[in-house]
Structure formats: C-alpha cells, structure tokens
Peer 1: 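Let me give you the structure first, and then I'll get to my questions.
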Amino acid sequence: MARVKTIVAWAYLAVANHCVAKVPCNSIRNLLYRRLFRVGIGRGSAIHMGCFVLKPRKIQIGDHSLINGRCTLDGRMGLTIGDNVDIAMDTTILTLGHDVQSADYATKGAPVRIDDRACIYTRALILPGVHIGEGAVVAAGSVVTHDVAPYTIVAGCPAKPIGERNRELTYTLAVGRYFH
C-alpha cells in the first residue's frame with residue numbers, strides 16, 4: 001500500500017510540475033513554485049516557462065537570479081543558486097546519477113552550488129557535486145565535471161578554463177530586463 005501511495009504522489013508531482021511549467025505569467029508561476037513545490041525562490045528571481053524541477057524542496061535560489069526556459073533543475077541531492085545568477089535556456093543541472101562501475105548500478109550524487117553572479121550559457125550540463133564559483137562563466141554547450149574557480153571562464157567537453165572574467169561586477173538582474 002505504501003508503494004502505491006508513493007507512485008501516486010510521484011505521478012501527482014509530475015503532472016503538477018508539467019502544468020506549472022506552462023503557466024505564462026512569471027509572478028503566478030513562481031508563486032506556484034513557492035507555495036505548491038516549496039522551492040526557495042529569492043526576491044526578484046524567476047523560473048521561466050518550460051523548466052523541469054526534480055525534488056523542488058531541496059532547491060534554493062537567491063535574489064535576482066534568472067532560470068530561463070526549458071532548464072532542468074535537479075534538487076534530489078540539493079541545489080543552491082546564489083544571487084544575480086543567469087542560467088540560459090536548455091541548461092541541465094544534475095545532482096544524482098548512477099555509478100556505472102557499481103555491480104548493482106547504485107545511485108551516486110552530491111549537491112551542486114552556483115555562487116553569486118555566475119553565468120551559465122545555453123545547453124550547458126552541470127554534473128553532480130560541482131561548485132561554480134562567484135562570477136564564473138560556463139560557455140554554451142559545456143559539460144562541467146569539476147569545480148569552476150571564481151571569475152573563471154570555462155568551455156568544452158569536459159569544460160576547461162579558457163579565460164578570466166572582470167572581477168568588478170556590480171549588476172543586478174531583473175525579470176524582463178531585456179524586453180522593452
């Protein structure tokens with residue numbers, strides 16, 4: 001009986017997640033993420049349309065951060081996103097996977113942390129246990145398998161340092177900033 005209740009609960013969350021992701025109004029969608037899923041979303045932050053959220057109660061998003069459309073946020077082992085973080089469309093952040101060397105294909109994972117003013121560009125993949133430092137930049141299509149030092153620009157598969165970012169950052173992101 002407990003297994004049936006678990007399956008029903010997962011099905012409910014999957015359907016609710018699918019429906020909330022399609023709400024066209026940022027303020028209503030984010031209210032639903034906060035109230036229905038208990039995602040910790042900071043002031044001025046937004047999860048845009050089409051995102052898929054796993055284990056939302058273990059996700060914390062700071063102030064003025066933007067999660068653009070069709071991203072996957074995996075909170076199963078814990079996901080912390082700082083202030084003024086810009087995550088571009090189609091980005092996937094994973095915290096749990098499988099150990100391919102395990103005889104029984106056991107799960108393996110660790111929390112992911114993205115510090116203030118980091119930028120993650122389109123179709124990047126962040127793997128479990130990664131810490132992306134303050135002001136770091138992950139180029140489009142990169143696969144991040146290891147920590148990224150603060151203000152470092154990384155690119156490639158696997159992502160490797162290709163440059164340094166200006167350390168004098170003062171911007172504050174805002175929902176709708178680029179639409180006039």
Side-chain angles (χ1 to χ4, degrees), residues 13 17 21 29-30 33-34 37-48 50-100 106-175:
L13 285 174
N17 190 3
R29 185 176 47 262
N30 288 306
Y33 276 123
R34 284 183 181 105
F37 292 111
R38 297 187 187 151
V39 176
I41 302 175
R43 191 173 34 95
S45 292
I47 298 175
H48 287 244
C51 290
F52 182 69
V53 180
L54 292 162
K55 197 77 165 188
R57 291 180 183 169
K58 290 189 167 187
I59 297 174
Q60 292 294 317
I61 301 170
D63 295 338
H64 306 289
S65 290
L66 301 177
I67 314 300
N68 285 284
R70 299 185 312 269
C71 289
T72 297
L73 304 177
D74 177 0
R76 292 176 290 176
M77 297 298 287
L79 172 58
T80 304
I81 298 170
D83 298 337
N84 294 294
V85 173
D86 189 5
I87 299 178
M89 293 181 357
D90 298 314
T91 294
T92 298
I93 302 170
L94 299 175
T95 64
L96 190 64
H98 291 277
D99 182 355
V100 296
T107 58
K108 176 179 167 182
V112 170
R113 189 171 92 214
I114 302 172
D115 289 344
D116 298 347
R117 291 198 168 91
C119 296
I120 316 294
Y121 286 103
T122 302
R123 293 195 176 141
L125 172 61
I126 313 298
L127 294 181
V130 168
H131 172 207
I132 297 176
E134 180 178 355
V137 176
V138 175
S142 297
V143 177
V144 183
T145 59
H146 296 290
D147 293 353
V148 178
Y151 302 99
T152 301
I153 301 170
V154 298
C157 179
K160 296 190 183 319
I162 61 166
E164 288 286 319
R165 187 176 186 199
N166 172 19
R167 292 175 181 262
E168 305 301 319
L169 304 175
T170 59
Y171 63 84
T172 298
L173 294 175
V175 175

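Small disclaimer: the values here were computed from a predicted structure and weren't measured.
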Peer 1: Treating Thr72 as the side-chain partner and Leu94 as the backbone partner, does any N or O pair qualify as donor plus acceptor under 3.5 Å?
Peer 2: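 Not confirmed, Thr72 side chain does not pair with Leu94 backbone.
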
Peer 1: For residues Val39 and Leu73, determine if any side-chain heavy atom of one lies less than 4.5 Å from a side-chain heavy atom of the other.
Peer 2: no

Peer 1: Sequence neighbours left out, what passes side chain to side chain contact (heavy atoms under 4.5 Å, CB included) with Ala21? Give chain and number order.
Peer 2: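 Per chain and number, Ala21 pairs via side chain to side chain contact (heavy atoms under 4.5 Å, CB included) with Tyr33.
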
Peer 1: Please, which pairs that meet ring pair (Phe, Tyr, Trp, His ring centres under 6.0 Å) have at least one residue in residues 106-126, sequence neighbours excluded?
Peer 2: none

Peer 1: How about Val85 and Ile132: do any of their side-chain heavy atoms sit closer than 4.5 Å?
Peer 2: no

Peer 1: Under 3.5 Å, side chain of Arg70 to main-chain N/O of His48, donor-acceptor pair present?
Peer 2: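 Judged by distance alone, no pair lies under 3.5 Å.
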
Peer 1: Would the distance check show the side chain of Arg29 and the main-chain N or O of Ile47 forming a donor-acceptor pair, the cut-off being under 3.5 Å?
Peer 2: yes

Peer 1: Starting at CD1 of Ile81, measure out to CD1 of Ile59 and round the result to the nearest 0.5 Å.
Peer 2: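 Nearest 0.5 Å value for the CD1-CD1 distance: 7.0 Å.
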
Peer 1: For Arg123, does the CZ atom sit with more than 12 other heavy atoms under 6.0 Å from it, leaving out its own atoms?
Peer 2: no

Peer 1: To the nearest 0.5 Å, what is the distance between CZ (Arg38) and NZ (Lys55)?
Peer 2: 12.0 Å

Peer 1: Just by modelled atom types, is the Asn84 backbone N or O under 3.5 Å from a matching donor or acceptor in the Ser65 side chain?
Peer 2: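 Here the side-chain-to-backbone pair exists.
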
Peer 1: Determine the minimum heavy-atom distance between Ser45 and Asn30, stating which atoms define it.
Peer 2: O-ND2, 4.0 Å

Peer 1: How far apart are the closest heavy atoms of Tyr151 and Arg167, and which atoms are they?
Peer 2: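 Residues Tyr151 and Arg167, closest heavy atoms: CD1-NH1, 3.2 Å.
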
Peer 1: Can you find a pair of side-chain heavy atoms, one from Thr145 and one from Val130, that are under 4.5 Å apart?
Peer 2: no

Peer 1: Return the minimal non-hydrogen interatomic distance between Arg43 and Asp63, and the atom names on each side.
Peer 2: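 Looks like N-OD1, 2.8 Å.
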
Peer 1: Would you say the side chain of Glu164 lies within less than 4.5 Å of the side chain of Thr152, judging by non-hydrogen atoms?
Peer 2: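 SC-SC contact between Thr152 and Glu164 confirmed.
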
Peer 1: What closest approach, in Å, do Arg165 and Tyr171 show between heavy atoms, and which atom pair accounts for it?
Peer 2: NH2-OH, 3.2 Å

Peer 1: Just by modelled atom types, is the Gly78 backbone N or O under 3.5 Å from a matching donor or acceptor in the Arg113 side chain?
Peer 2: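 Flag not set: sc Arg113 to bb Gly78 has no pair under 3.5 Å.
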
Peer 1: Check the surroundings of atom CZ in Arg34: do more than 12 heavy atoms from other residues, nucleotides or ligands lie under 6.0 Å from it?
Peer 2: yes

Peer 1: Quick check: closest heavy atoms across Pro128 and Gly109, and the distance to 0.1 Å?
Peer 2: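 Looks like CB-CA, 4.0 Å.
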
Peer 1: Roughly how far, to the nearest 0.5 Å, is the CG atom of Leu79 from the CD1 atom of Ile93?
Peer 2: 5.5 Å

Peer 1: Hey, does Thr91 have a side-chain heavy atom less than 4.5 Å from the side chain of Ile67?
Peer 2: no

Peer 1: Which heavy atom of Ser142 sits nearest to which heavy atom of Ala159, and what is that distance?
Peer 2: CB-CB, 4.2 Å

Peer 1: Mind checking the CG-NE2 spacing from Leu173 to His64? Nearest 0.5 Å is all I need.
Peer 2: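 It is 9.0 Å, given to the nearest 0.5 Å.
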
Peer 1: To the nearest 0.5 Å, tell me how far Arg117 CZ sits from Asp86 CG.
Peer 2: 12.0 Å

Peer 1: Indicate yes or no for a side-chain donor-acceptor contact from Asp115 to the backbone of Gly135 under 3.5 Å, with no hydrogens or angles considered.
Peer 2: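 A pair under 3.5 Å: no.
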
Peer 1: Would the distance check show the side chain of Arg76 and the main-chain N or O of Leu54 forming a donor-acceptor pair, the cut-off being under 3.5 Å?
Peer 2: no

Peer 1: Between Thr95 and Asp74, is there a side-chain donor-acceptor contact under 3.5 Å, judged purely by atom types and distance?
Peer 2: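 Yes, because at least one side-chain N or O of Asp74 sits under 3.5 Å from a partner of the opposite role on Thr95.
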
